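Quick notes on the structure that follows.
The shown structure was predicted, so the numbers you read here are calculated from the model rather than taken from an experiment.
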Amino acid sequence: MHRAYKFLLRPTVRQEQALREMLWDHCSLYNGALQERRDAYRHASKTSITYGQQSAQLKEIRAVAPERQGRWSFSSQQATLRRLDKAMQAFFRRIKAGQKPGYPRFRGVNWFDTVDFPKDGDGCRWDSTPHDPVTRVRLQGVGHIRVHQHRPVRGRVKTVSVKREGKQWYIILACDEVPAEPLPAAGAVCGIDMGVAHFLTTSQGEHRPNPRHGRLGAEALAEAQRALKAFPRRKRNNRTAKHRQAVEKVAELHRKVRRRRTDHAHRTALAMVRTYDVIAHERLSIANMVRAPKPKPAPETPGRFLPNGAAAKAGLNKSIHDAGWGVFQGILAHKAESAGRVLIPVDPRNTSRTCPECGHASGENRTTQERFEYTRCGHTANTDQVGALNIAIRAGLVLPNVAKPPTGEAPRIYPGGGVTPPCPPGRALVLGTRCTRCTSTGASCTW
């Protein structure tokens, strides 16, 4: 399996200056390559510049400026050109798909924070001083930099990246062939429903609170942004010391919220994989969920619009972003793979509108945010728990009540799938029942 490690760098004053110069030169290379592509296409010949053509010019560029571009790794400069080429390919892909193009922009010094080294040993060397108890990484043109290694690195180091975050520098190692660390069987399965009132709810009815890190830090962030707004917009070199301090204050508060959100996702995901062997979750499309509603033109009054709930939707979108569902699901998938657990994504449609008792789906079932009262059978339950239970049913982890046979009777087989969930591939031991989709395979079902 693959894993990334992130460690804090502790450079000296001269090394930190060299790291800044490395970012400046790579940023200049990126902008120069983008300008060349723009000028070539604006020419009457409509010439298209490729990565191979720009990479072939690196040797001449390094010879012309040996004190700048010639100082750094050739492979890292190729990686910067690949980064631009990838952005251009994404631009043309969005045009073909009919999406908003988003032409690649020129990068300012403050917006170019990462330099990649495609291979360990080519321009960089992880643990360059193995005889020294202090871990160091060697970067071409910078030297041996001390690393605060807080945990061991497993697997084979494949790529190395240097990243600047505020006033701190980090080293990121991408490793492959990392051995898995399977956990002992827990003997439990569950479905989880992501929410805003509760961060998540399991099919057993356990609620994990939503910490709302963005809301907790909103007041301090608003105060820092008001202090920053008092300064006029100026370039970085023309800012006063207090202006730079105000900018750094806002950036640090954003980083603090992000770190808290990531830490909460790690802790919650670890608790889930330690408790359950199989976890079912919704296959959420968060980009569609936070999309702004379309305007509703007033048919009788041209130029005016009807209320479309944009204000309420904006508040919900902010809460969804604050919860960090996408970050959590990515971390959960990684930890489940490492621990030997199984994740089953299911279709999220109508999970919060379907009654697990009778199978009836209707928008009228959901009376309030937290309460369900089903119009057909009168069953009442918590909204989030019902959603998690329906997710588990769709994944085949539990059997709905309408499919459970009465005591003393043989189990029923529903034609065409019915309400009996199908056996997921390789999940027969979890399902433990027969369905019409797997009768042909025989041994795949534990009937």
Side-chain angles (χ1 to χ4, degrees), residues 4-35 68-69 71-88 90-91 102-120 123-124 126 137-143 145-148 157-174 221 224-225 228 233-239 243-263 324 327 330:
Y5 297 89
K6 184 177 180 181
F7 301 115
L8 177 67
L9 292 178
R10 299 190 182 277
T12 62
V13 175
R14 292 186 178 181
Q15 289 175 344
E16 187 173 359
Q17 178 63 26
L19 288 173
R20 284 196 294 265
E21 293 174 358
M22 181 175 66
L23 284 183
W24 293 341
D25 291 338
H26 279 75
C27 179
S28 175
L29 178 65
Y30 182 94
N31 292 334
L34 177 58
Q35 184 64 46
R68 291 194 58 188
Q69 299 294 343
R71 295 174 57 188
W72 317 116
S73 168
F74 192 92
S75 298
S76 67
Q77 294 172 331
Q78 286 182 321
T80 299
L81 295 179
R82 289 193 194 97
R83 178 176 172 181
L84 172 62
D85 186 66
K86 185 178 179 181
M88 295 298 298
F91 165 70
Y103 190 81
R105 300 179 181 180
F106 291 101
R107 296 289 181 176
V109 177
N110 294 334
W111 294 92
F112 197 94
D113 296 326
T114 306
V115 174
D116 298 323
F117 296 85
K119 183 180 179 180
D120 182 29
C124 65
W126 168 249
V137 59
R138 181 187 177 276
L139 302 178
Q140 180 176 336
V142 181
I145 308 176
R146 182 182 176 186
V147 181
H148 181 72
V157 178
K158 191 174 182 181
T159 63
V160 179
S161 300
V162 178
K163 185 176 182 181
R164 177 183 60 187
E165 292 185 4
K167 296 182 179 180
Q168 296 180 333
W169 297 84
Y170 293 90
I171 188 80
I172 302 174
L173 310 176
L221 180 61
Q225 289 175 334
L228 176 60
R233 292 180 61 89
R234 292 180 179 177
K235 293 184 177 180
R236 180 175 181 272
N237 296 333
N238 297 331
R239 295 172 182 171
H243 191 178
R244 290 194 296 267
Q245 292 175 2
V247 172
E248 180 58 30
K249 179 66 174 178
V250 173
E252 177 59 29
L253 290 175
H254 279 293
R255 288 194 295 268
K256 187 174 183 179
V257 171
R258 185 183 72 247
R259 288 194 299 265
R260 286 179 172 178
R261 187 179 294 120
T262 305
D263 178 72
V327 174

Going by heavy atoms in the side chains, are [X] and [Y] under 4.5 Å from each other?
X    : Y    : value
L228 : H243 : yes
Q35  : N31  : no
L29  : L84  : no

Any residue meeting side chain to side chain donor-acceptor pair (under 3.5 Å) with [X], in chain and number order, not counting sequence neighbours:
X    : answer
R259 : E252
R164 : D113
T159 : none

Nearest 0.5 Å, please: how far is [atom2] in [Y] from [atom1] in [X]?
X    : Y    : atom1 : atom2 : value
Q15  : I145 : CD    : CD1   : 5.0 Å
S75  : Q140 : OG    : CD    : 8.5 Å
W111 : R105 : CH2   : CZ    : 8.5 Å
D85  : M88  : CG    : CE    : 8.5 Å
D116 : R82  : CG    : CZ    : 10.0 Å

If the condition is side-chain contact (heavy atoms from CB on, under 4.5 Å), which residues does [X] pass it with, not counting sequence neighbours?
X    : result
V157 : D120, W126, V153, V160, L173, C175
K249 : A224, L253
E165 : K6, K163, Y170, R255, R258
V109 : W24

Closest contact, heavy atoms only, [X] versus [Y]:
X    : Y    : answer
A18  : W72  : O-CH2, 3.5 Å
P104 : L34  : O-CD2, 3.7 Å
A79  : P118 : CB-CG, 4.0 Å
L23  : T114 : CD2-N, 3.9 Å
G123 : F117 : O-CE2, 3.7 Å

The complete set of salt bridge (charged side-chain N to carboxylate O under 4.0 Å, His left out) pairs with one or both residues in residues 12-23, sequence neighbours excluded, reads E16-R20, E21-R71

Handout entry: Pair listing, salt bridge (charged side-chain N to carboxylate O under 4.0 Å, His left out) test, anchored in residues 23-33, at least two apart
Key =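 Applying salt bridge (charged side-chain N to carboxylate O under 4.0 Å, His left out) to every pair that reaches into residues 23-33, excluding sequence neighbours, yields D25-R68.
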
Margin query: Would V147 and L9 count as a side chain to side chain contact (heavy atoms under 4.5 Å, CB included) here? Give the steps.
Written below: CA-CA 5 Å; V147 181; L9 292 178; 3.6 Å; yes

Is the number of heavy atoms from other residues, nucleotides or ligands under 6.0 Å of R146 CZ greater than 12? no

- Item | Set of residues satisfying ring-ring contact (aromatic ring centres under 6.0 Å, His included) with respect to F91, sequence neighbours excluded |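 Result, ring-ring contact (aromatic ring centres under 6.0 Å, His included) vs F91: Y103.
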
Practice problem: Applying ring-ring contact (aromatic ring centres under 6.0 Å, His included), name anything that partners F106, two or more places apart in sequence or on another chain. | Solution: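 Here no residue qualifies.
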
Step by step, work out the side chain to side chain contact (heavy atoms under 4.5 Å, CB included) result for L19 and L139. CA-CA 9 Å; L19 288 173; L139 302 178; 3.9 Å; yes

Backbone N/O of H148 and side chain of R10: donor-acceptor pair under 3.5 Å:
no

Margin query: Closer than 3.5 angstrom, by distance alone: can the side chain of Q77 be matched with the main-chain N or O of Q69 as a donor-acceptor pair?
Written below: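 The answer is yes, because a donor-acceptor pair under 3.5 Å joins these two groups.
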
Open item on the list: Checking R83 now: which residues fulfil salt bridge (Lys or Arg N to Asp or Glu O under 4.0 Å) with it, not counting sequence neighbours?
Closed with: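 Scan of R83 (salt bridge (Lys or Arg N to Asp or Glu O under 4.0 Å), adjacent residues dropped) gives none.
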
